[in-house]
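In what follows, every chain begins at residue 1, and chains take the letters A, B, ... in the order their sequences are listed.
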Protein chains: 2
Amino acid sequence: MPHTYEYPRPSVTVDTVIFSVIADDLKVLLIRRGVEPFKGAWAIPGGFVGMDESLEDAARRELREETNVQGVYMEQLYTFGAPERDPRGRTITVAYFALIAADQREIAAATDSDAVEWFSVYNLPPLAFDHASIVEYALTRLRFKLDYTSVGFQLLPKKFTLTELQAMYEVILARKLDKRNFRKKVLSMGILEPLEETKMEGPHRPAKLYSFTEDELVAWPQHPTMGGEKGPLAGLMGRRSDGA
Amino acid sequence: MPHTYEYPRPSVTVDTVIFSVIADDLKVLLIRRGVEPFKGAWAIPGGFVGMDESLEDAARRELREETNVQGVYMEQLYTFGAPERDPRGRTITVAYFALIAADQREIAAATDSDAVEWFSVYNLPPLAFDHASIVEYALTRLRFKLDYTSVGFQLLPKKFTLTELQAMYEVILARKLDKRNFRKKVLSMGILEPLEETKMEGPHRPAKLYSFTEDELVAWPQHPTMGGEKGPLAGLMGRRSDGA
DNA sequence: CCAAAAGTGTTTCACTTACACCCATGA
DNA sequence: TCATGGGTGTAAGTGAAACACTTTTGG
């Protein structure tokens, strides 16, 4: 066999930070560990990468197995490989983050028991391993991409009101936005289709429903650059298929 | 031993895309492979991760061993893990990119032979494995970060002229920038210290030298966001220490 | 005095920001 | 009719973009 096999190998896992906006809060789906190490502690779902599956496939498989979540937006986040991050031995983890829309969420509920639970990202329990860093980094990335891509729409149902859209931005960014400016901007982008339907709930004017017109993740035009000429955005950062 | 060891393990490597701006061109440092697979083909430097070193340490070690490059800016890029990317067997690679300033570059020259060479990123030879994708992605990321962080200064010597600074931006972004606007903007940022010295070469007015005042990588204020209030940038994206 | 790169200001235009009231509905 | 959230416009300020000539030096 080739000389590759002479080297000792670390274990490789994938771990996924699953976000969803629930009841005007940004939540993360956690699993309570049933085995050592960190038995009883909460952790983000993940597991070992199979020898014949891509990293993203592995992440999706683990997600399905552990939380029943399928067909959602996923993106590679960062690879964590500090030698001591897993007491069992050298383990490198490729972290992903996933976004679940309000209307995809039943699936996550369909799991067995109390071992899977949504927590506010702003009030997490102590997490196993270095999972707290992973979640923190995922939040940073999500906020960042919210500003120049359409990732956010992955968190909304197909039909949504502008108020819901704005509320989603507000929870994630953890700050209030101006209603008129927000609407002006988002409507001027030409990525929303106004529907005939309205959503009426409660004793007030019904809200117009919209849908997101793009199939793919889109990035808005690049922010002002170093001197001269507008730069259309080259690539999309992250969201690569996976190797090759 | 813990159950971790029941799983077959992929090999894990680190590979680094090394950029430098040379003679008004953006170059990548490549190594000619001496062994199969892809013997004779050019590749980015890299190698297996040791069991007791962090990923970034591994990347730095390989860089030092293979190209004599040390003490340069490095940042994790992406992890490539398609099952078939290495014909020898399952190998996952954590890709990094490194930036070498003009005045740090001697080191890279100090290697043995013709086996290490700089190539224009705009005119690369065929590369081994999926290294072409890795370089392409590194370029995308570099361009992207050039627009909102100070990474670019890692490619310049301690003292530089505004023309050199602008030229660096132009090669990387592959487009011309307006001289007056560029200077106005970069000077208004308060990150440059004008030096007394000037650089005179050639039969023309000498250029004032500047130095970059910040020690750390800095990110400029966030681009305009979804409605209301300026958003100071939360984190820096990438450039995490490594795990934990 | 000529060639070559360094250096410098102003105007235009677009977009971000701040801000307050009327509208449609159900109860 | 009242309470509740939905929906709308304008003025001011900031910053990006476009653009051409003078300055300083060496030869």
Side-chain angles (χ1 to χ4, degrees), chain A residues 23-24 146-148 156 159-171 173 175-210 220-233, chain B residues 23-24 146-148 156 159-171 173 175-210 220-233:
Chain A
D24 278 323
L146 208 58
D147 266 354
Y148 69 97
L156 294 178
K159 302 171 181 183
F160 50 85
T161 69
L162 294 185
T163 302
E164 287 164 349
L165 178 60
Q166 180 177 344
M168 182 266 289
Y169 269 81
E170 290 180 340
V171 216
L173 298 176
R175 68 166 191 268
K176 288 287 175 199
L177 302 176
D178 181 89
K179 184 163 56 160
R180 281 178 286 191
N181 292 337
F182 182 85
R183 286 163 182 245
K184 207 184 314 169
K185 174 147 190 176
V186 81
L187 288 174
S188 76
M189 287 181 167
I191 53 174
L192 293 187
E193 181 176 24
L195 306 175
E196 287 313 309
E197 307 165 68
T198 58
K199 173 175 193 169
M200 39 183 168
E201 51 177 15
H204 53 79
R205 180 169 174 177
K208 189 184 249 313
L209 285 166
Y210 292 81
W220 351 118
Q222 185 69 286
H223 35 107
T225 71
M226 285 281 190
E229 285 150 75
K230 307 187 182 186
L233 191 52
Chain B
D24 277 323
L146 209 58
D147 267 355
Y148 69 97
L156 294 177
K159 302 171 181 182
F160 50 84
T161 68
L162 294 185
T163 302
E164 287 165 348
L165 178 61
Q166 182 176 342
M168 180 267 287
Y169 270 81
E170 289 180 342
V171 215
L173 298 176
R175 68 166 190 268
K176 288 288 176 197
L177 302 176
D178 180 88
K179 184 162 56 159
R180 282 178 286 188
N181 291 337
F182 182 84
R183 285 164 182 244
K184 209 183 312 168
K185 174 147 190 176
V186 81
L187 288 174
S188 76
M189 288 181 168
I191 53 173
L192 293 186
E193 181 175 25
L195 305 175
E196 287 311 310
E197 306 165 69
T198 57
K199 173 173 193 171
M200 41 181 166
E201 52 178 16
H204 54 80
R205 179 168 175 176
K208 189 185 251 313
L209 285 166
Y210 292 81
W220 351 118
Q222 185 71 286
H223 34 108
T225 71
M226 283 280 188
E229 286 149 75
K230 308 189 179 184
L233 192 51

Taking the side chain as every heavy atom from C-beta outward, state whether [X] and [Y] have any atom pair closer than 4.5 Å.
X      : Y      : answer
A:Y210 : A:L156 : no
B:R183 : B:K179 : yes
A:L162 : A:F182 : no
B:L209 : B:T198 : no
A:Q166 : A:T163 : no

Rounding to an integer number of Å, can you tell me how far [X] [atom1] sits from [N] [atom2]?
X      : N      : atom1 : atom2 : result
B:Q166 : C:dA5  : CD    : P     : 14 Å
A:M189 : C:dA14 : CE    : P     : 18 Å
B:F182 : C:dG9  : CZ    : P     : 18 Å
B:M200 : C:dA4  : CE    : P     : 20 Å

Counting only heavy atoms not in A:K159, do more than 12 fall under 6.0 Å of its NZ? no

Hey, does the side chain of A:K185 come within less than 4.0 Å of C:dC15's phosphate (OP1/OP2), counting only N and O? no

How would nucleotides 1-10 of chain D be written as a contact map, 5' to 3', with B for base contact, S for sugar-phosphate-only contact and - for no contact, using protein heavy atoms under 4.0 Å? --BBBBBBBB

